[in-house]
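In what follows, a structure is listed as structure tokens, so that the remarks can point back to it.
Computation of the quantities below employed the complete heavy-atom set of this structure, encompassing side-chain atoms and omitting hydrogens, waters and symmetry-equivalent molecules. Order of the sequence lines fixes the chain letters, A, B, ..., with proteins taken first and strands second; residue numbering starts at 1 for each chain.
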Amino acid sequence: MLTTRPRGTADILPGQVEKWQYIEEKIVRICREYGYREIRTPVFEHTELFVRGVGEDTDIVEKEMYTFRDRGDRSITLRPEGTASAVRAYLENKLYAGPQPVKLYYIGPMFRYDRPQAGRLRQFHQFGVEVFGSYHPAIDAEVMAMAMDFYGRLGLNDLELHINSVGCPNCRPVVRKRLQEFFQPVLADLCPNCRGRFERNPLRILDCKSDRCAELSREAPTTVDCLCPDCGEHFAQVQQFLQDLGIPYVLNNRLVRGLDYYTRTAFEIMAPDIGAQSSVGGGGRYDGLIEACGGPPTPGIGYALGLERIILALENRGLAPDVTSGPEVFVVVLGERAAREGFALLAKLRRAGIAADMDYQGRSLKAQMKYAGKLGVRYTVIIGEEELQRNIVVLRDMESGNQREIPGARILQNLAEPAADR
RNA sequence: GUGGAUGUAGCUCAGCUGGUUAGAGUACCAGAUUGUGGCUCUGGGGGUCGUGGGUUCAAGUCCCAUCAUCCACCCCA
């Protein structure tokens, strides 16, 4: 073999791809019901879009982007997430001039130069939604409710919704100051990582997985403690709407999302059983992002779900759909003349909407039967010299093994009729 | 980016302290059944032992590097 697929990429083969199609159908449907319309943006963008839109201090921008120079010497980046592109498209196509809010969804590949492991690839796939133009707390609740509804429709009823509010630019300096005051006395006890975070982004200390840091931060002030009156009220209303909808959630004041642009509502959906990468989706509000990208001051909120992780969760629970994509009828032929007749019959079956196939390997009757059995077809139609002379075909039910002779002219009608008549 | 484990037929794996032509199960193909799948039996094809170096009379087996996979960290979807 010349080469293999690049590290962290996957071939989605027949047998697996049906799971993707199943999920994709559910996505199209739920988005229509919730009033979201699809947008398709390029998989690569100018690098500065992500630097600005995701945030310079994020891991994504610092070390995970697939960035290269194209032949025109432009810096291009394979998209690491979907929000920045949606914002760019919203501004570039002046969607803010139309009725608000604008509710969009996308589905497609994303690229991050991470170290691959279970549930994490370099090319992975996300389904996400974005709402531009509404500050209303009900839209926060809708977005979360929709995500949970989507999981529920797939049978994933045991996932946990964690929510938090990270405040707005008014609250940020307050949290920062109070956290630094809190951690100052124990600074030397924090992990090396968190010692760095102390200056740069003390919020992230709350999120640290190290036992020592978690212990030290148990009594630390949280973002919720420092919310300004507006943010506090907004968060209270978001929760009220969730309760009204009967959506269970966990208040998690350690939840700090990695992307710089989040304001107020932040949430994450966890599946504890799919390995270390337990997040199957997350999102939040980003009221400053659109302005930061050069647009009019416009609020936004969205989420993204990882499709590979959803599939992992489905497989773990035995919820992945059965694969039933093979043909229904197999045409078995013996000899040249029968092969021509069979080929013509095959075309007729297909035109009648019946999934059908035949042998193209010159196999013996026995081998054709065996092959048909492996394909899992319900019926075989057998045509040989004898049948040709008598102007009939043999119709065999592969499950029961029963077979009967049918006049050649009637076979199409016979297969198209309900099973009871056969 | 860091640490650990693992790479032998398409797949799951065996191969003892280095020692003749590298095995099994399964899958694939064919025959038993000269026109009938699933069960059974028989036979057959298929392996640069991840790759590249090294040690040795001799390397699948030991050493080094490299690539890949898995797990954990980091981070996230």
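At a threshold of 4.0 Å, the pair A:Arg120-A:Glu308 does not count as salt-bridged, since none of the basic side-chain nitrogens sits closer than that to a carboxylate oxygen. The pair A:Asp114-A:Arg112 fails the salt-bridge criterion, with no side-chain N (NZ, NE, NH1 or NH2) lying under 4.0 Å from an Asp/Glu carboxylate O. Between A:Glu25 and A:Arg29, no side-chain nitrogen of the basic residue sits less than 4.0 Å from a carboxylate oxygen of the acidic one, so the salt-bridge criterion is not met. We find that A:Arg88 and A:Glu92 are joined by a salt bridge, their nearest charged nitrogen and carboxylate oxygen being less than 4.0 Å apart.
Protein atom CZ of A:Arg79 is 17 Å distant from nucleotide atom C1' of B:C76, rounded to whole Å. Between A:Glu385 atom CD and B:G35 atom C1' there is a gap of 11 Å when expressed in whole angstrom units. As a whole-Å value, the separation of A:Arg120 CZ from B:C74 C1' is 8 Å. As a whole-Å value, the separation of A:Leu255 CG from B:A77 P is 10 Å. A:Glu336 places its CD atom 17 Å from the C1' atom of B:G35, with the value rounded to the nearest Å. When the P atom of B:G35 is taken as reference, atom CD of A:Gln389 falls 15 Å away, rounded to whole Å. Protein atom CZ of A:Arg115 is 12 Å distant from nucleotide atom C1' of B:A5, rounded to whole Å. Straight-line distance from the NE2 atom of A:His162 to the C1' atom of B:A77: 16 Å, rounded to whole Å.
Counting atom types as modelled, A:Arg7 pairs no side-chain N or O with a base atom of B:U69 as donor and acceptor under 3.5 Å.
Toward the 5′ end of RNA chain B lies the nearest nucleotide of A:Pro116, the other residue of the pair A:Arg309 and A:Pro116 mapping further downstream. Residues A:Ala118 and A:Gln126 each lie close to RNA chain B; by heavy-atom proximity, the contact nearer the 5' end of the strand is made by A:Ala118.
Side-chain atoms of A:Glu315 and A:Gln16 form a donor-acceptor pair, as typed in the model, at a separation below 3.5 Å. In summary, the side chains of A:Gln361 and A:Tyr371 do not present any donor paired with an acceptor at a separation below 3.5 Å, with no hydrogens or angles considered. No side-chain donor-acceptor contact under 3.5 Å links A:Ser165 and A:Thr265. One side chain, A:Gln243 or A:Tyr249, offers a donor N or O that lies under 3.5 Å from an acceptor on the other.
Distance noted for atom P between B:C62 and B:C49: 15 Å (whole Å). Atom C1' of B:C28 sits at a distance of 16 Å from the matching atom of B:U12, rounded to the whole Å. B:G18 and B:U56 have their C1' atoms separated by 9 Å, with the value rounded to a whole Å. B:A9 and B:A5 are spaced 22 Å apart, taking the P atom of each and rounding to whole Å. Comparing the same atom, P, in B:G25 and in B:U55 gives a spacing of 39 Å after rounding to whole Å. Here the separation of B:C41 from B:U8, taken at their P atoms, is 29 Å to the nearest Å. Comparing B:C29 with B:G37, their C1' atoms are spaced 15 Å from each other, to the whole Å. Comparing the C1' positions of B:C67 and B:G50 gives an interatomic distance of 8 Å, to the nearest angstrom.
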Secondary structure string for RNA chain B (Watson-Crick or G-U under 3.5 angstrom, | for other-strand pairs): (((((((..((((.....[...)))).(((((.......))))).....(((((..]....))))))))))))....
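Heavy atoms of A:Gly119 sit under 4.0 angstrom from at least one base atom. Here A:Leu307 lies out of heavy-atom contact (under 4.0 Å) with every strand. Using a 4.0 Å heavy-atom distance criterion, A:Arg122 is classed as making no nucleic acid contact. Counting any heavy atom pair closer than 4.0 Å across all strands shown, A:Gln368 reaches no nucleic acid atom. No engagement by A:Gly82 is indicated, since no non-hydrogen atom pair under 4.0 Å with the nucleic acid exists.
The aromatic rings of A:Phe343 and A:Tyr360 sit perpendicular to each other, their planes meeting at more than 60°, with 30° as the lower class boundary. Using cut-offs of 30° and 60° for the angle between ring planes, the A:Tyr262 and A:Tyr286 rings count as perpendicular.
Both the sub-6.0 Å distance and the 45° axial angle are not jointly satisfied by A:Arg79 relative to the ring of A:Phe111.
Contact annotation: A:Gln117 does not reach the phosphate of B:U69 (side-chain N/O to OP1 or OP2, under 4.0 Å). OP1 or OP2 of B:A30 has not a single side-chain nitrogen or oxygen of A:Arg363 nearer than 4.0 Å.
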Nucleic acid footprint by protein, nucleotides 36-43 of chain B - heavy-atom cut-off 4.0 Å, B for base, S for sugar-phosphate alone: BBB-----
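Proximity note for A:Leu334 (side chain, C-beta onward) versus B:C76, B:U2, B:G35: the nearest is B:G35.
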